[in-house]
Amino acid sequence: MKATRLLDIGNVRTAEVPVPVPAPGEVLIRVEACGICGTDRHLLHGEFPSRPPLTLGHEFAGIVVGCGEGVSLAEGARVTCDPNTWCGHCENCLRGRVNLCVNNVATGLGRDGGFAEFCAFPAHKAHLLPADLDPLHGAFCEPLACTIHGIDIGAPKAGERVMILGGGVIGMLALQLCVLAGAEVMLVTRSASKQALGQRLGAADVAATEEAARAIWPKGADLVVECAGVVDTVEAAPRLARSGGRVVILGVLPAGQTVRVEPFDLLFREVQFLSSFINPFTQERAAAMISAGRIKLDPLISRTLPLDEAAAAIANPARPGEIRAIVLPRG
Ligand SMILES: [Zn+2]
Ligand SMILES: [Zn+2]
């Protein structure tokens with residue numbers, strides 16, 4: 001079968017590899033759709049920890065086509081794959097902080113992932129999806145699960161003002177979750193097309209810059225959710241929070257990247273500066289929301305592409321205005 005593999009830092013290519021055999025406790029999944037994430041680009045450039053050589057792809061859904069020993073998942077079932085597999089016995093797992101597991105071997109980062117025709121996957125991390133779900137929608141469960149965790153941390157309340165910084169897939173999902181929570185939402189992005197989409201998805205206001213956002217909401221936002229993963233917006237986020245407000249960093253900056261914030265301002269205005277990492281216990285909630293059609297996903301799909309084009313798509317930056325590109329391993 002074909003698989004798009006990170007052979008080493010800086011070297012991604014699609015190659016022929018054997019179809020994996022599911023080990024005890026695993027299922028074999030025929031991948032239907034796998035989203036290209038900013039993290040895949042970070043992995044290629046060595047900006048996020050990984051263990052090459054391996055097949056990339058951690059945002060995928062597919063059909064169970066085989067079971068390893070001890071697994072009883074029905075063949076033919078559609079599942080979303082939670083790539084993060086905690087160990088259950090390290091000190092962080094034992095405190096219930098499973099997303100901080102020191103032994104997490106994430107599929108698509110630490111073991112072969114979903115940019116392939118087939119993937120062997122831990123059965124207990126496969127969550128059932130409806131048989132009639134659009135397969136493309138299944139690929140959004142993982143990013144939505146990560147976004148749900150970030151919004152749990154930010155905890156928007158009905159009637160609060162929330163600023164979303166960044167109009168990528170995480171920003172568009174966070175926007176929708178905050179609107180569903182009853183918040184008044186502003187999307188801050190320089191992209192005019194993303195501003196227009198944000199309004200269609202329920203944003204009350206849009207702005208292109210920090211200054212423009214402040215002009216619309218002079219007191220700032222109760223909650224600022226940084227979803228862009230760039231230095232400028234991380235630095236702007238606390239400045240855009242109102243006194244007593246919260247900031248949640250959901251965007252991923254390269255490891256080692258630093259930013260400038262003013263601790264006195266955080267202290268004097270008691271702004272909480274929080275961060276959110278992956279998807280502890282939220283994949284099932286994401287699957288439920290997507291299965292019920294509560295999140296608008298079609299407008300977030302910028303393009304689909306075959307496996308042969310995946311390596312080039314990962315090696316290049318996202319196209320202007322692109323929100324999510326999704327690989328269809330079987331064309
Ligand atoms: Zn991702
Ligand atoms: Zn652990």
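In listed order, ligands and their atoms are each counted from 1. Model, not experiment: these values are computed from the prediction.
Residues forming a side chain to side chain donor-acceptor pair (under 3.5 Å) with N103 (at least two apart in sequence, or on another chain): none.
Side-chain contact of T189 with S191: a donor-acceptor pair under 3.5 Å is absent, judged by distance alone. Under 3.5 Å, the side chains of R5 and T55 contain a donor-acceptor pair of N or O atoms. N84 and N279 share a side-chain donor-acceptor pair at under 3.5 Å.
Side chain of K2 to backbone of P329: no donor-acceptor contact under 3.5 angstrom is found.
Residue L133 comes nearest to S291 through the heavy atom pair CD1-CA, 4.1 Å, listed as atom of the first residue, atom of the second, then distance.
The Zn ion (ligand 2) lies under 2.8 Å from an N, O or S atom belonging to C90.
When SG of C87 and SG of C101 are joined through the Zn ion (ligand 2), the resulting angle is 100° to the nearest 10°.
Taken from CD in E262 to CG in D265, the straight-line distance is 5.0 Å, to the nearest 0.5 Å.
Counting only protein N, O or S atoms closer than 2.8 Å to the Zn ion (ligand 1) gives 3.
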